[in-house]
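Below is one structure, written out as structure tokens; comments come after it.
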Amino acid sequence: QVQLVESGGGLVQAGGSLRLSCAASGRSFSSYTMGWFRQAPGKEREFVVAASWSGGTYYADSLKGRFPISRDNAKNTVYLQMNSLTPEDTAVYYCAAGYRARWDLTEYDYWGRGTQVIVSS
């Protein structure tokens, strides 16, 4: 069992940056792919980026380069650095963990409760 808690969301002006954190508790953090997803009002949850257990990274094409991910296995924490934010990035951001997961949300077994990000114009 893995529990995930996101933090770092908030209100930011367009063009600004935020860093989200996801702290994991439980066993075998380093064995999981850790992913970030987001869900805007009225829209489906969508993949943002993931850091695999083996060191690889999967990016949503539309966000590649703007939202780098990093993980600290010693701290059981994964980070999402969000840069050059626009109002279209407004969403609830979720952290997720899954074995051998990539970009499909059905491959993730554990989810955090999410953290709200609001980007003002």
Side-chain angles (χ1 to χ4, degrees):
Q1 191 77 7
V2 176
Q3 293 181 326
L4 304 172
V5 179
E6 303 95 337
S7 61
L11 176 64
V12 62
Q13 288 190 331
S17 298
L18 275 178
R19 189 177 82 154
L20 305 183
S21 299
C22 173
S25 62
R27 300 185 300 175
S28 304
F29 173 82
S30 61
S31 300
Y32 288 97
T33 290
M34 299 300 300
W36 287 96
F37 292 77
R38 68 183 184 182
Q39 188 165 17
K43 295 187 177 181
E44 294 185 350
R45 193 169 299 189
E46 66 172 355
F47 173 73
V48 175
V49 65
S52 76
W53 62 276
S54 61
T57 304
Y58 305 101
Y59 284 101
D61 288 341
S62 61
L63 299 172
K64 190 173 183 178
R66 200 159 60 89
F67 285 11
I69 188 173
S70 60
R71 62 189 296 168
D72 186 337
N73 289 337
K75 295 183 178 180
N76 282 11
T77 302
V78 62
Y79 304 97
L80 179 66
Q81 178 66 43
M82 303 190 296
N83 301 316
S84 302
L85 288 161
T86 73
E88 289 69 37
D89 295 316
T90 295
V92 177
Y93 284 73
Y94 296 90
C95 175
Y99 277 123
R100 302 292 192 264
R102 295 181 295 176
W103 49 80
D104 186 341
L105 62 84
T106 64
E107 297 175 335
Y108 288 81
D109 302 303
Y110 304 102
W111 292 82
R113 299 183 68 175
T115 185
Q116 177 74 57
V117 172
I118 299 174
V119 184
S120 63
S121 57

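Residue numbers count from 1 along this sequence. These numbers were taken from a predicted model, which means no experiment stands behind them.
Counting Ile, Leu, Val, Met, Phe, Trp and Tyr side chains that sit under 4.5 Å apart, directly or through other members, Tyr99 shares a hydrophobic cluster with Val2, Leu4, Val12, Leu18, Leu20, Phe29, Tyr32, Met34, Trp36, Val48, Val49, Tyr59, Leu63, Phe67, Ile69, Val78, Leu80, Met82, Leu85, Tyr93, Tyr110, Val117, Val119.
The two residues Ser121 and Ala14 have their closest heavy-atom pair at CA-CB, 4.3 Å. Of all the heavy atoms in Thr77 and Ser21, the pair that sits closest is CG2-CB, 4.4 Å. Across Pro41 and Thr90, no two heavy atoms sit closer than the pair CD-O, 4.4 Å.
Partners of Glu107 by salt bridge (charged side-chain N to carboxylate O under 4.0 Å, His left out), not counting sequence neighbours: none found. Residues satisfying the ring pair (Phe, Tyr, Trp, His ring centres under 6.0 Å) criterion with Trp53, sequence neighbours excluded, are absent altogether. With sequence neighbours excluded, no residue forms a ring pair (Phe, Tyr, Trp, His ring centres under 6.0 Å) with Tyr94. For Arg38, the salt bridge (charged side-chain N to carboxylate O under 4.0 Å, His left out) partners are Glu46, Asp89, not counting sequence neighbours. Residues that satisfy the side chain to side chain contact (heavy atoms under 4.5 Å, CB included) test with Gln81, not counting sequence neighbours, are Ser17, Arg19, Pro68, Asn83.
Residues Tyr108 and Phe37 place their aromatic rings such that the two centres sit under 6.0 Å apart.
Counting heavy-atom neighbours within 6.0 Å of Gln116 CD, excluding the residue itself, gives a total above 12.
Here Ser62 contributes atom OG and Glu88 contributes atom CD; the two are 11.5 Å apart, rounded to the nearest 0.5 Å. To the nearest 0.5 Å, the span separating OG on Ser28 from CG on Asn73 amounts to 11.0 Å. Distance check, rounded to the nearest 0.5 Å: SG of Cys95 to CZ of Arg113 gives 14.5 Å. Here the CD-OG distance, from Gln13 to Ser120, works out to 5.0 Å after rounding to the nearest 0.5 Å. Remark: Ser30 OG to Arg71 CZ distance equals 7.0 Å, nearest 0.5 Å.
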